[in-house]
**Student:** 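Below you'll find the structure I mean.
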Amino acid sequence: MLPYQRVVRKVKAQEIHMRDAFVYTDEEKGLYYLFGTTDVSDGAANVDPCFEYYQSEDLINFEGPYLAFYPEKGFWGVKHFWAPEVHPYGDSYYLFASCKGGIGEDRGTCVLKASRPNGPYAEHSKGHVTLKNHECLDGTLYVEDGQPYIVFCHEWTEIYYGRVCALPLSRDLREPLSQEPLILVDTQRDHLPWIRQMKDPRVDKVGYLTDAPWLHHAKDGTLHMLWSSYSVKQAGGKGQGGYTVAVLTSESGSIRGPWRHRSALLLDADIGHVSMFRRLDGQLMLVGHRDDSRHGSESPVFLPLDDPSDIQLMKSEVTV
């Protein structure tokens with residue numbers, strides 16, 4: 001029996017303390033599974049770090065937490081179980097999740113596997129599949145012409161100017177095929193006028209953050225990538241100067257670009273680390289966490305999107 005006891009309860013979304021929220025829609029069961037970085041992602045009391053999920057029929061009322069992944073003895077990650085995402089691939093489900101190894105080991109995104117979207121998940125890749133001997137996180141799966149890629153962030157805490165990179169993966173998702181990444185975002189190279197230099201008291205440097213890449217093909221074939229950082233106040237004439245969501249576009253529809261940054265931010269309302277899903281009625285949705293600047297108060301937020309070639313929030317959904 002797992003050394004794991006949590007009281008399952010019925011809660012509203014705003015009552016769930018969670019960062020990096022992610023939703024998987026189970027159309028067969030008519031359920032939404034809500035994953036994210038929760039208060040047991042670094043362990044709690046005598047419980048090792050693990051991944052949990054909540055479930056809902058309406059994105060308003062949730063039930064949980066339930067266990068999605070509990071590491072077996074010897075698992076490479078020892079802390080910082082962050083940013084889980086569920087992706088169907090082949091006839092299985094894969095949970096891409098960031099962990100930190102032990103002393104002298106990397107932070108990176110590993111791949112877990114299950115037969116159902118809500119798990120239970122088991123170790124699949126041997127360690128992480130991001131850059132070896134580097135600090136990386138927030139990996140997501142993208143497949144182009146049958147070739148799977150992991151798209152991830154090279155941590156600003158290591159390289160000062162954060163990057164978003166991509167590596168091709170083996171077809172079984174167990175390992176990267178290269179250690180030479182495609183660089184999609186480079187905060188030094190790209191000269192973004194809205195981005196804010198940030199500080200972290202745990203890190204003896206200042207820098208430019210890159211978080212949470214998410215790729216989406218629009219109806220016209222255009223490939224967009226959403227990603228998060230921090231903005232200067234009044235960026236674009238409005239905004240809080242907090243956690244934000246930017247848009248990168250490949251008009252060729254390929255991960256190889258060329259890529260261009262959209263000048264207008266998608267969100268500048270202290271909401272970020274977003275991904276997309278479709279509601280059971282087919283509506284395209286954005287999910288992330290709100291109140292990023294109020295650490296300890298973060299909770300999931302769900303926002304409907306227009307679904308043309310260009311990604312836009314539905315009017316009047318967010319006021320900044």
**Student:** With a 4.5 Å heavy-atom cut-off, do S299 and H289 have their side chains touching?
**Tutor:**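 Counting from C-beta outward, S299 and H289 never come under 4.5 Å.
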
**Student:** Can you name the nearest heavy-atom pair linking K113 to S92, along with the distance?
**Tutor:**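 In terms of heavy atoms, the two residues are closest at CE-OG, 3.3 Å.
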
**Student:** How long is the span from the CD1 atom in I16 to the CZ atom in F62, to the nearest 0.5 Å?
**Tutor:**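 So the CD1 of I16 and the CZ of F62 are separated by 5.5 Å.
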
**Student:** Same hydrophobic cluster for Y149 and V129, using side-chain heavy-atom links shorter than 4.5 Å among ILVMFWY?
**Tutor:**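 No, it is not one cluster - the side chains of Y149 and V129 are not joined through contacts under 4.5 Å.
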
**Student:** Should we say atom NZ of K132 is surrounded by more than 12 heavy atoms from elsewhere, each under 6.0 Å from it?
**Tutor:**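 Result for NZ/K132: enclosed.
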
**Student:** Under 4.0 Å between a Lys/Arg side-chain N and an Asp/Glu carboxylate O for D39 and R6?
**Tutor:**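 A salt bridge links D39 with R6.
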
**Student:** Verify side chain to side chain donor-acceptor pair (under 3.5 Å) between E298 and H17, making sure each step is shown before the conclusion.
**Tutor:** CA-CA 6 Å; E298 304 94 333; H17 177 222; 2.9 Å; yes

**Student:** Tell me yes or no: between the side chains of S293 and D270, is some donor less than 3.5 Å from an acceptor?
**Tutor:**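 Note: S293 and D270 side chains meet the donor-acceptor criterion.
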
**Student:** Atom CD of Q283 and atom CG of L280: how far apart are they, to the nearest 0.5 Å?
**Tutor:**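 Taking CD in Q283 and CG in L280, the distance rounds to 12.0 Å.
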
**Student:** CE of M285 to CG of L59: how many Å apart, nearest 0.5 Å?
**Tutor:**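 CG of L59 is found 6.0 Å from CE of M285.
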
**Student:** With the side chain counted from C-beta on, respond yes when V206 and Y160 share a heavy-atom pair under 4.5 Å apart, and no when they do not.
**Tutor:**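 A side-chain contact under 4.5 Å exists here.
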
**Student:** Are side-chain N/O atoms of S254 and S252 paired as donor and acceptor at under 3.5 Å?
**Tutor:**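 Looking only at side-chain atoms, S252 and S254 do not form any donor-acceptor pair under 3.5 Å.
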
**Student:** Quick check for you: to the nearest 0.5 Å, what is the distance between L209 atom CG and M198 atom CE?
**Tutor:**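 If we round to the nearest 0.5 Å, L209:CG and M198:CE are 5.0 Å apart.
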
**Student:** For a quick test of reading the model, state the closest non-hydrogen atom pair linking T109 to G139 and the distance between them.
**Tutor:**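 Taking T109 first and G139 second, the nearest heavy atoms are OG1-N, 3.0 Å.
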
**Student:** Show the numbers, then the answer: is there a ring-ring contact (aromatic ring centres under 6.0 Å, His included) between F75 and F69?
**Tutor:** CA-CA 12 Å; F75 181 70; F69 171 70; 5.3 Å; yes

**Student:** Regarding K12 and N61, is there a side-chain donor-to-acceptor distance under 3.5 Å anywhere?
**Tutor:**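 On atom types as modelled, these side chains qualify, holding a pair under 3.5 Å.
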
**Student:** So, Y243 and D211: side-chain donor and acceptor under 3.5 Å apart, yes or no?
**Tutor:**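 Judged by distance alone, the side chains do pair up.
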
**Student:** Identify, with sequence neighbours excluded, every residue that meets salt bridge (charged side-chain N to carboxylate O under 4.0 Å, His left out) alongside D186.
**Tutor:**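 R163.
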
**Student:** How long is the gap from CD1 on I255 to CE on M225, to the nearest 0.5 Å?
**Tutor:**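 The distance works out to 9.0 Å.
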
**Student:** Return each pair, listed once, that meets ring-ring contact (aromatic ring centres under 6.0 Å, His included) where at least one residue sits in residues 93-114; pairs must be two or more places apart or across chains.
**Tutor:**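 Found Y24-Y93, H87-F96, Y89-Y94, Y94-H124.
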
**Student:** Which pair of heavy atoms, one from S41 and one from G36, lies closest together, and at what distance?
**Tutor:**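 Looks like OG-O, 4.2 Å.
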
**Student:** State, with a plain yes or no, whether a side-chain heavy atom of F152 is found less than 4.5 Å away from one of L137.
**Tutor:**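 A side-chain contact under 4.5 Å is absent here.
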
**Student:** Under 3.5 Å, is there a donor on one side chain and an acceptor on the other for E85 and T140?
**Tutor:**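 A pair is found: one side chain offers a donor N or O, the other an acceptor, under 3.5 Å apart.
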
**Student:** Determine, step by step, whether R256 and E144 satisfy the salt bridge (Lys or Arg N to Asp or Glu O under 4.0 Å) criterion, reporting the C-alpha distance in whole Å, the side-chain angles of both residues, the deciding distance to 0.1 Å, and the verdict.
**Tutor:** CA-CA 10 Å; R256 296 189 173 275; E144 184 170 297; 5.9 Å; no

**Student:** Check whether more than 12 heavy atoms from other residues, nucleotides or ligands sit under 6.0 Å from atom CD of E57, and answer yes or no.
**Tutor:**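 No.
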
**Student:** In this structure, are over 12 heavy atoms from other groups packed under 6.0 Å from R260 atom CZ?
**Tutor:**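 Atom CZ in R260 is packed in, count exceeds 12.
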
**Student:** So which heavy atom on S228 is nearest to which on H273, and how close?
**Tutor:**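 Heavy-atom minimum between the residues: OG-N, 2.9 Å.
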
**Student:** Are there more than 12 heavy atoms of other residues, nucleotides or ligands under 6.0 Å from atom CD of Q197?
**Tutor:**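 Counting neighbours around CD of Q197, more than 12 heavy atoms of other residues, nucleotides or ligands fall under 6.0 Å, so yes.
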
**Student:** Does any donor atom in the side chain of R107 or H80 lie under 3.5 Å from an acceptor atom in the other side chain?
**Tutor:**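 Judged by distance alone, the side chains do pair up.
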
**Student:** Below 4.5 Å, heavy atoms only, C-beta onward: do D292 and Y230 meet side chain to side chain?
**Tutor:**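 Yes. Closest side-chain heavy atoms under 4.5 Å.
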
**Student:** Hey, does C99 have a side-chain heavy atom less than 4.5 Å from the side chain of C110?
**Tutor:**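 Yes, their side chains come closer than 4.5 Å.
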
**Student:** Please determine which of T249, L248, L266 meets the side chain to side chain contact (heavy atoms under 4.5 Å, CB included) test together with H224.
**Tutor:**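 Of all the options given, the one that passes is T249.
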
**Student:** Under 3.5 Å, is there a donor-acceptor pair linking the side chains of D26 and Y32?
**Tutor:**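 No, because no side-chain N or O of D26 sits under 3.5 Å from a partner of the opposite role on Y32.
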
**Student:** Which of these passes side chain to side chain contact (heavy atoms under 4.5 Å, CB included) with M276: V287, V23, L226, L215?
**Tutor:**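 Exactly one candidate clears the test, L226.
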
**Student:** Can you name the nearest heavy-atom pair linking D268 to S231, along with the distance?
**Tutor:**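 Answer, listing the atom of D268 first, then S231: OD1-OG, 2.8 Å.
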
**Student:** Which atoms form the tightest heavy-atom contact between F22 and P84, and what is the distance?
**Tutor:**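 Minimum heavy-atom separation between F22 and P84: CB-O, 3.5 Å.
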
**Student:** Would you find more than 12 non-hydrogen atoms of other residues, nucleotides or ligands less than 6.0 Å from E15 atom CD?
**Tutor:**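 Yes, enclosed.
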
**Student:** Testing the 3.5 Å rule here: is there a donor-acceptor pair between the side chains of H134 and E158?
**Tutor:**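 Note: H134 and E158 side chains meet the donor-acceptor criterion.
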
**Student:** Does D145 have more than 12 heavy atoms from other residues, nucleotides or ligands lying within 6.0 Å of its CG?
**Tutor:**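 Atom CG in D145 is not packed in, count stays at 12 or less.
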
